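I have placed the structure first, in the form of structure tokens, so that the comments after it can refer back to it.
The structure presented is a predicted model; accordingly, all values stated were derived computationally and were not measured.
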Amino acid sequence: MAANNGDVLMLEAAPEVARPWASAANAEVIDALPYIDDDYGNPLIKSEVDRLVEEEMRRSSKKPADFLKDLPPLPKFDFENCPVLGKEYERVRAGKPPVRIDFESRYKLEMPPASKRNDDAAWKQYLQKNQRSLQQKLIELENLELMSKHGPELWRQNNHRLEVFLSRMQRLAQEQNEEIEKVNRERKYHQQTTSYELNALSQEWRQLCVKNMEIQSASVVLETQIDSFKREAAERGWNLEEKLENVQPLQSQ
């Protein structure tokens, strides 16, 4: 509700002012009181709030695709101390498939080609190669035997370390949840304690708004009556301004 002269009454929203802090570089201030504000339970208010949120998201300059642009860039890895890892990183980054390990050739007995079947040096070379391969298989068998003998205990020890680590993480998570619950309880207590004062101030504000409206209406009525009296005086030929000037010295005496 606004008066004809442009004055804004208390029930009307204040005119929008510049808000330099409400920019993309600064966070919006959230002034919600979730423990005492129950207006969202009203379906009409909920639909209006949802509409405003969707409109704000459409007008927002920050899109989901660039929500990480405000964070510092990731460090660049050069893998100077590990060229093998650097090569694998570049392969994954380029989207190339991994190099396939050829297991068939590792367990296959190699023989000289047909053109070198009569070459003793070629047979000796392939014999040494197959002996190395056989020795490698013997070492692998020894490793399997050692694994079958000591592996279960190593796995138990590793599982124990993982359980200790899990227990520590769970304890830290529980402590953090307790801190969060403590903050939420304090917020709820302060909001519920302050709600009585807020309700009283809100009721007082409504009463003042009504009183201002009554005063404004009475002022309009008085102004209308004064204009009517002035017109009636003008019709009768009375000079009210001259009479008022004569009345003021008498009042001062």
Out of Lys129, Gln136, Gln135, which residue meets the side-chain contact (heavy atoms from CB on, under 4.5 Å) rule with Arg132? Lys129
So how far is it from Tyr196 OH to Leu201 CG, rounded to the nearest 0.5 Å? 15.0 Å
Kindly indicate whether the side chain of Pro113, heavy atoms from C-beta on, has any atom under 4.5 Å from the side chain of Lys116. yes
Report the C-alpha separation of Asp227 and Arg231 in whole Å, then their side-chain angles, then the decisive distance to 0.1 Å, and conclude whether the salt bridge (charged side-chain N to carboxylate O under 4.0 Å, His left out) test is met. CA-CA 6 Å; Asp227 293 338; Arg231 287 193 300 268; 5.4 Å; no
Any chance you could measure Asn159, atom CG, to Leu166, atom CG, to the nearest 0.5 Å? 11.5 Å
Strictly distance-based, threshold 3.5 Å: is any side-chain N or O of Ser195 a donor or acceptor partner for the main-chain N or O of Gln192? yes
Within the structure provided, determine whether Gln131 and Leu127 are in side-chain contact (heavy-atom separation under 4.5 Å). yes
With distance as the sole test, does Ser148 use its side chain to make a donor-acceptor pair with the main-chain N or O of Glu145 at under 3.5 Å? yes
Between SG of Cys82 and NZ of Lys87, what distance do you get to the nearest 0.5 Å? 12.5 Å
Below 4.5 Å, heavy atoms only, C-beta onward: do Arg168 and Val164 meet side chain to side chain? no
How long is the straight-line distance from OG1 of Thr194 back to CG of Asn199, given to the nearest 0.5 Å? 10.5 Å
For the atom pair CD (Gln176) and CD (Glu178), what is the distance rounded to the nearest 0.5 Å? 10.0 Å
Residue pair Asn212, Gln216: steps toward the side chain to side chain contact (heavy atoms under 4.5 Å, CB included) verdict: CA-CA 6 Å; Asn212 286 342; Gln216 186 74 17; over 6 Å; no
Got more than 12 heavy atoms from elsewhere within 6.0 Å of CD, Glu186? yes
Kindly indicate whether the side chain of Gln157, heavy atoms from C-beta on, has any atom under 4.5 Å from the side chain of Arg161. yes
Using a 4.5 Å cut-off on heavy atoms from C-beta on, say whether the side chain of Met169 contacts that of Leu172. yes
Examine distances only and state if a side-chain atom of Ser228 and a backbone atom of Thr224 form a donor-acceptor pair shorter than 3.5 Å. no
Just wondering, do Pro152 and Arg156 contact through their side chains at under 4.5 Å, heavy atoms? yes
Test side-chain contact (heavy atoms from CB on, under 4.5 Å) applied to Glu223 - qualifying residues, sequence neighbours left out: none
Side chains of Ser167 and Arg171: do they bring a donor and an acceptor to under 3.5 Å? no
Say whether, by atom type as modelled, one donor and one acceptor occur between the side chain of Asn158 and the main chain of Leu154 under 3.5 angstrom. no
Are more than 12 heavy atoms, taken from residues, nucleotides or ligands other than Asn118, located less than 6.0 Å from that residue's CG atom? no
Could you check whether any side-chain heavy atom of Arg185 comes within less than 4.5 Å of a side-chain heavy atom of Tyr189, counting everything from C-beta outward? no
Whichever hydrophobic residues join Met111 through chains of side-chain contacts under 4.5 Å: Trp123
Does Val49 reach the side chain of Val53, with side-chain heavy atoms less than 4.5 Å apart? yes
Salt bridge (charged side-chain N to carboxylate O under 4.0 Å, His left out) against Arg59, all qualifying residues, sequence neighbours excluded: Glu55, Glu56
Quick one: pull up CD in Gln191 and CG in Asn184 and give me the separation to the nearest 0.5 Å. 10.0 Å
With salt bridge (charged side-chain N to carboxylate O under 4.0 Å, His left out) as the test, would you mind laying out the steps for Glu54 and Arg51 before giving the verdict? CA-CA 5 Å; Glu54 293 177 359; Arg51 185 189 66 80; over 6 Å; no
Would Glu140 and Leu144 satisfy side chain to side chain contact (heavy atoms under 4.5 Å, CB included), going step by step from the backbone distance to the final call? CA-CA 6 Å; Glu140 292 177 358; Leu144 290 175; 5.5 Å; no
What closest approach, in Å, do Arg91 and Pro97 show between heavy atoms, and which atom pair accounts for it? NH1-C, 3.2 Å
With a 6.0 Å cut-off (strictly less than), is the heavy-atom count around CG of Asn81, excluding the residue itself, greater than 12? no
